[in-house]
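Counting starts at 1 for both ligands and their atoms, following the listed order.
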Amino acid sequence: MPDRIYLDNAATTSLDPAVLAAMMPYLTERFGNPSSIYSYGRETRLAVETARKSVARILNTRPATIFFTSGGTESSNTAICGAVRDLGCRRIVTSPVEHHATLHTVENLQRRGEAVVEHVRLRPDGHIDLADLDRILVNGDGPALVTLMHANNEVGNLTDIRAVGEICRRHGAYFHSDTVQTVGHFPIDLQDLPVDFITGSGHKFHGPKGSGILYVREGIALSPFLQGGGQERNMRAGTENLYGIVGFARALELATERYEEDRAHVTSLKRSLMEGLRRSVDGVRFHGDPEGESLYTVLNVSLPRTERSEMILYNLDMAGVCVSGGSACTSGANQGSHVIRAIYGDEGGVAVRFSFCRHNTPEEVDRVVEQVRSLA
Ligand SMILES: Cc1ncc(COP(=O)(O)O)c(C=O)c1O
């Protein structure tokens with residue numbers, strides 16, 4: 001097999017060796033339980049709290065608002081179920097293009113009769129229709145939770161979460177945003193953003209899998225999602241994922257230091273892939289709003305539907321190009337994405353999501369254009 005080209009960084013990224021180096025002492029000699037009172041425990045407690053301070057400083061919030069979790073899925077489950085069970089939100093307003101960590105959680109709450117779920121309309125390019133959000137919130141009564149993602153992991157559309165937060169504030173609704181695709185990729189200033197809950201996942205920005213954060217605005221009290229010990233100030237029971245927490249913080253520090261450089265590099269790769277495909281593949285289009293409000297890391301290509309294009313993920317894999325049809329759960333078989341269906345109905349083409357990171361090169365983009373040209 002030729003050298004593989006990895007262009008599925010929205011699914012997961014490689015672990016940065018500098019992150020691994022920061023984690024190693026906590027996988028080896030510093031193994032103490034952070035809840036132990038003797039020196040082994042004190043040194044690992046210090047590592048957890050130092051990581052929390054670092055994450056809080058980068059996101060411009062207080063350390064007490066940051067809770068370490070196992071990732072984006074757990075963070076969203078905790079916030080959404082907590083808003084319903086502890087904050088009395090009986091209405092949830094969301095969109096049909098959310099990640100399954102949100103969609104399945106709200107569907108489950110609806111099925112159990114704990115909340116009623118309403119979906120905000122999408123514009124033709126897949127962006128949230130903010131006027132419709134306003135209309136939904138005007139018309140309902142009782143506390144509501146709005147859960148809308150900052151960036152869509154499949155098509156890359158970015159939502160103006162400041163505008164969403166302001167609408168929520170006007171109507172007294174709580175606002176949770178799944179920021180898994182933007183934490184570590186965009187500066188986020190929590191002092192300045194009208195959000196109540198956000199989430200982050202280490203493996204999306206060269207940190208370890210199974211590490212994440214939940215931000216809970218000060219003054220909001222949720223009961224723990226996992227019952228047991230009193231870790232994470234009684235918010236999340238279970239012995240801390242020490243090396244994951246240290247790795248999450250180190251990865252976020254490195255991503256923040258390298259932000260300008262990485263963004264410029266990755267943006268140019270995305271642009272040249274768009275241009276290359278436009279030049280060489282007949283009928284190619286792009287899902288979402290790739291030249292407008294969009295992640296610089298994601299390009300979702302729409303190929304005219306043919307027998308060949310239906311097989312493209314498989315054939316690209318054979319050619320050593322690793323991409324997906326949508327979220328990680330649908331890669332491998334192009335069985336259709338709920339996001340593409342929600343935006344385009346049956347009109348969407350065959351979706352191929354390319355997602356980049358700092359390790360990708362212009363030469364890889366050239367090779368991929370050539371492969372898509374010959375396989376589409
Ligand atoms: C937008 C979005 N939300 C949530 C998740 C789930 O995050 P995790 O894998 O950390 O549970 C992902 C990743 O797959 C994602 O892309």
Side-chain angles (χ1 to χ4, degrees), residues 6-15 19 55 66-81 94-108 126-128 147-159 161 164 175-186 188 195 197-215 225-226 236 238 241 244-245 247-249 251-252 255 287-288 293-300 322-332 337-340 342-343 351 353-357:
Y6 184 75
L7 283 172
D8 202 15
N9 291 280
T12 197
T13 55
S14 59
L15 187 67
V19 173
V55 170
I66 300 294
F67 298 92
F68 289 111
T69 66
S70 65
T73 301
E74 182 189 324
S75 297
S76 283
N77 271 261
T78 304
I80 295 168
C81 294
T94 188
S95 87
V97 296
E98 301 300 304
H99 189 272
H100 285 138
T102 295
L103 282 186
H104 290 167
T105 304
V106 303
E107 280 163 16
N108 190 40
H127 281 300
I128 300 297
T147 168
L148 292 171
M149 68 206 310
H150 190 188
N152 186 275
N153 51 303
E154 296 197 27
V155 296
N157 282 5
L158 268 174
T159 295
I161 54 173
V164 171
F175 177 29
H176 161 254
S177 188
D178 171 348
T179 49
V180 161
Q181 292 291 343
T182 50
V183 166
H185 295 286
F186 286 87
I188 291 186
V195 293
F197 310 100
I198 71 161
T199 62
S201 179
H203 72 107
K204 305 293 187 184
F205 48 93
H206 304 287
K209 293 169 183 54
S211 70
I213 55 156
L214 170 63
Y215 159 81
F225 189 65
L226 293 179
R236 200 238 182 206
N241 172 11
I245 290 171
F248 182 98
L252 188 60
H287 291 127
E293 291 304 308
S294 181
L295 286 172
Y296 55 91
T297 46
V298 169
L299 180 66
N300 194 305
C322 306
V323 293
S324 67
S327 67
C329 357
T330 56
S331 51
S337 127
H338 71 282
V339 173
I340 301 295
I343 305 174
R353 180 186 69 178
F354 296 89
S355 50
F356 309 88
C357 78

Looking at Phe356 versus Tyr296, is the centre-to-centre ring distance below 6.0 Å?
no

Taking distance alone, no hydrogens or angles, what donor-acceptor pairs closer than 3.5 Å link side-chain atoms of residues 197-208 to residues at least two apart or in another chain?
residue, atom, partner, partner atom, Å
Thr199, OG1, Thr179, N, 3.2
Ser201, OG, His203, NE2, 3.4
His203, ND1, Thr12, OG1, 2.7
Lys204, NZ, Ala10, O, 2.9
Lys204, NZ, Ala11, O, 2.9
His206, ND1, Ser14, O, 2.8

Contact check, Glu98 vs ligand 1, heavy-atom distance below 4.0 Å
no

Can you sort out which atoms of ligand 1 are near [X], meaning under 4.0 Å from one of its heavy atoms?
X	answer
Thr73	6 (C), 7 (O), 8 (P), 11 (O)
Gly71	10 (O)
Lys204	12 (C), 13 (C), 14 (O), 16 (O)
Asn153	1 (C), 16 (O)
Ser201	8 (P), 10 (O)
Met149	1 (C)

Option with minimal heavy-atom separation from atom 12 (C) of ligand 1, where the choices are His100, Glu154, His99, His150
His99

Nearest heavy atom to atom 7 (O) of ligand 1 wins, so pick from Gly72, Ala11, Gly210.
Gly72

How many angstroms lie between atom CG of Asp8 and atom OG of Ser355, to the nearest 0.5 angstrom?
4.5 Å

Out of curiosity, Asn241 CG to Ser211 OG, how far, rounded to the nearest 0.5 Å?
6.5 Å

Any residue meeting ring pair (Phe, Tyr, Trp, His ring centres under 6.0 Å) with Phe225, in chain and number order, not counting sequence neighbours
none

From the options Arg353, Glu154, His287, select the one residue that forms a side chain to side chain donor-acceptor pair (under 3.5 Å) with Ser337.
Glu154

Location of contacts on His203 toward ligand 1, heavy atoms closer than 4.0 Å:
side chain

For a quick test of reading the model, state the closest non-hydrogen atom pair linking Val155 to Ile343 and the distance between them.
CG2-CD1, 4.2 Å

